[in-house]
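I have a structure I would like to understand better, so I am pasting it below and will then ask my questions one at a time.
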Amino acid sequence: MTSLIRIYDIDGTITMPGFDLWHLITRSLAEDTQVFDNSVNEWKARMSQGRYPYAESREMMKTGLQLMRSNLGHAQVQEEARKITSDILHRVFPGAIEHIKTSIHSGFQVIFATTNYLAGGKGFISALSREGWLDNTEAASIIVSGSNINWETRDVIHFNMGKGKATGICSVLGCSHDELKEMIESSYGDDPSGNDREILRIAPKAYVIRNEKNRHAELLPNMQFADWNFINAQATALKN
């Protein structure tokens, strides 16, 4: 593995805002979509009251798992994620894929760090490969870190949010938190105060994909708002 890595969040970073893959996957596989929708609305209401996001979001993931159809496993969830991603490819930023491909061919180890199920992250890559957005070698080179689920018991073994994203990457790479910090070249996310805070905070260069929700966020000195046109233009300028 190369000593330098680039970390990418998926939802709202590679995909456009409003297309949360965890939500789409879980709703699609729910036994009763209305019950799931009600649970999501209740979760959002609690979040709007200032509840602790990590605990509330982890609880929502646990609730969603219990509402999903029985006899589902990693393979079925991954396939559902692939199908859904194929349906919303028009909501994937082409510039993000361009940058990911450039990173791979420039020798960086690309890591997708998502709060979604690990199966969801793998299904996302599978769709990009099957639809020709990534070739087989590129797709196979990407490491995925996601929430780890025991699909038999529907327990959340590891919740990949906030500091959990760094913990998840360390687990996949077999490194310590301090070693991870030394390996990161740059990170890309859209939620600097929530889901992506840790992977952005510990990177020497961190790019926050601007959207309506984060436009008032206060960024740390190592972070900057950007879009994929700017990021790719910057990468091109550095090459020349």
Side-chain angles (χ1 to χ4, degrees), residues 2-22 47 50 52-54 56-57 91-104 106-116 121 124 142-147 159-170 172-173 175-239:
T2 180
S3 60
L4 289 179
I5 64 178
R6 285 180 172 173
I7 304 171
Y8 300 80
D9 168 55
I10 295 178
D11 292 324
T13 301
I14 301 174
T15 64
M16 298 174 189
F19 291 85
D20 182 279
L21 281 175
W22 169 82
M47 293 284 282
Y52 185 47
Y54 180 93
E56 288 294 342
S57 297
R91 298 297 184 177
V92 173
F93 287 115
I97 304 303
E98 178 187 343
H99 192 267
I100 289 162
K101 291 166 74 75
T102 297
S103 295
I104 293 169
S106 297
F108 293 100
Q109 174 62 68
V110 168
I111 298 176
F112 285 2
T114 179
T115 303
N116 194 1
F124 179 71
I142 298 171
I143 292 173
V144 182
S145 171
S147 292
F159 188 48
N160 213 49
M161 176 181 171
K163 288 186 178 181
K165 282 199 172 185
T167 302
I169 295 170
C170 288
V172 173
L173 297 182
C175 67
S176 69
H177 192 275
D178 287 340
E179 288 170 334
L180 175 63
K181 287 173 65 176
E182 293 299 315
M183 288 190 283
I184 301 173
E185 190 268 350
S186 53
S187 291
Y188 308 81
D190 72 301
D191 190 0
S193 58
N195 284 18
D196 306 324
R197 186 179 191 280
E198 189 69 4
I199 61 170
L200 295 173
R201 185 186 69 81
I202 64 177
K205 293 184 295 182
Y207 297 90
V208 179
I209 307 304
R210 189 191 301 273
N211 60 39
E212 187 61 28
K213 286 186 177 180
N214 67 26
R215 64 192 180 98
H216 296 305
E218 294 185 7
L219 304 187
L220 296 174
N222 68 313
M223 302 178 190
Q224 69 179 107
F225 282 116
D227 60 26
W228 288 108
N229 287 336
F230 172 83
I231 293 169
N232 283 318
Q234 193 176 56
T236 300
L238 288 174
K239 282 184 181 179

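Residue numbers run from 1 in the order of the sequence given. This one's a predicted model, so the numbers in the text were calculated from it and none came from an experiment.
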| task | For the pair Asp11 (side chain) and Leu21 (backbone), establish whether a donor and an acceptor sit closer than 3.5 Å, ignoring hydrogens and angles. | result | yes

| message | Please confirm whether the ring centroid of His99 lies under 6.0 Å from the ring centroid of Phe93. | response | no

| said: For a quick test of reading the model, state the closest non-hydrogen atom pair linking Ser187 to Ala203 and the distance between them. | reply: OG-CB, 3.5 Å

| request: Walk me through it: do Val208 and Tyr188 pass the test side-chain contact (heavy atoms from CB on, under 4.5 Å)? | output: CA-CA 6 Å; Val208 179; Tyr188 308 81; over 6 Å; no

| message | Check whether Asn195 reaches the backbone of Met161 with its side chain - one donor and one acceptor, N or O, closer than 3.5 Å. | response | no

| After noting the C-alpha distance and the side-chain angles of Glu212 and Arg215, does the key distance pass the salt bridge (charged side-chain N to carboxylate O under 4.0 Å, His left out) rule? | CA-CA 6 Å; Glu212 187 61 28; Arg215 64 192 180 98; 2.6 Å; yes

| message | Using side-chain heavy atoms (C-beta onward) and a distance below 4.5 Å, is Ser57 in contact with Met47? | response | yes

| query | Side-chain contact, heavy-atom cut-off 4.5 Å: Gln109 with Arg6? | reply | no

| Least distance between heavy atoms, Gly121 atom then Asn116 atom | N-ND2, 4.5 Å

| Short side-chain donor-acceptor distance under 3.5 Å, Tyr8 and Thr114 | no

| Euclidean distance, Lys181 NZ relative to Ser176 OG, rounded to 0.5 Å | 10.0 Å

| query | Are side-chain heavy atoms of Asn214 and Pro192 found at a separation under 4.5 Å? | reply | yes

| query | Which residue, Leu173, Val144, Val172, Ile142, forms the side-chain contact (heavy atoms from CB on, under 4.5 Å) with Ile111? | reply | Leu173

| field | Spacing of Leu180 atom CG and Ile202 atom CD1 [to the nearest 0.5 Å] | value | 4.5 Å

| message | Looking at Arg197, I want to see if its CZ is surrounded by more than 12 non-hydrogen atoms of other residues, nucleotides or ligands under 6.0 Å. | response | no

| task | Could you walk me through whether Leu219 and Phe225 pass the side-chain contact (heavy atoms from CB on, under 4.5 Å) test, one step at a time? | result | CA-CA 8 Å; Leu219 304 187; Phe225 282 116; 3.6 Å; yes

| Under 4.5 Å between any side-chain heavy atoms of Leu200 and Met223, yes or no? | yes

| Can you find a pair of side-chain heavy atoms, one from Ile7 and one from Ile184, that are under 4.5 Å apart? | yes

| request: Ignoring hydrogens and angles, tell me if any N or O in the side chain of Ser103 forms a donor-acceptor pair with the backbone of Phe108 under 3.5 Å. | output: no

| Beyond-backbone contact of Leu220 with Arg201, side-chain heavy atoms, under 4.5 angstrom | yes

| With a 4.5 Å limit on heavy-atom distance, are the side chains of Glu198 and Lys165 in contact? | no

| request: Starting at CZ of Phe19, measure out to CZ of Arg91 and round the result to the nearest 0.5 Å. | output: 4.0 Å

| query | Just by distance, do the side chain of Asp196 and the backbone of Asp190 share a donor-acceptor pair under 3.5 Å? | reply | yes

| Aromatic ring proximity, centroids under 6.0 angstrom, Tyr207 and Trp228 | no

| side-chain contact (heavy atoms from CB on, under 4.5 Å) between Asp227 and Ile209, intermediate numbers included | CA-CA 5 Å; Asp227 60 26; Ile209 307 304; 5.6 Å; no

| message | Let me confirm one number: the OG1-CG distance from Thr15 to Asp20, rounded to the nearest 0.5 Å. | response | 7.5 Å

| request: Begin with the C-alpha distance, continue with both residues' side-chain angles, and end with the deciding distance and a verdict on side-chain contact (heavy atoms from CB on, under 4.5 Å) for Gln224 and Phe230. | output: CA-CA 11 Å; Gln224 69 179 107; Phe230 172 83; 3.5 Å; yes

| CD1 on Ile169 to CE on Met183, rounded to 0.5 Å | 9.0 Å

| field | Result of checking Thr167, Ile199, Asn160 against Ser145 for side-chain contact (heavy atoms from CB on, under 4.5 Å) | value | Asn160

| Test item: Val92 and Ile14 side chains (from C-beta on) under 4.5 Å apart, heavy atoms | yes

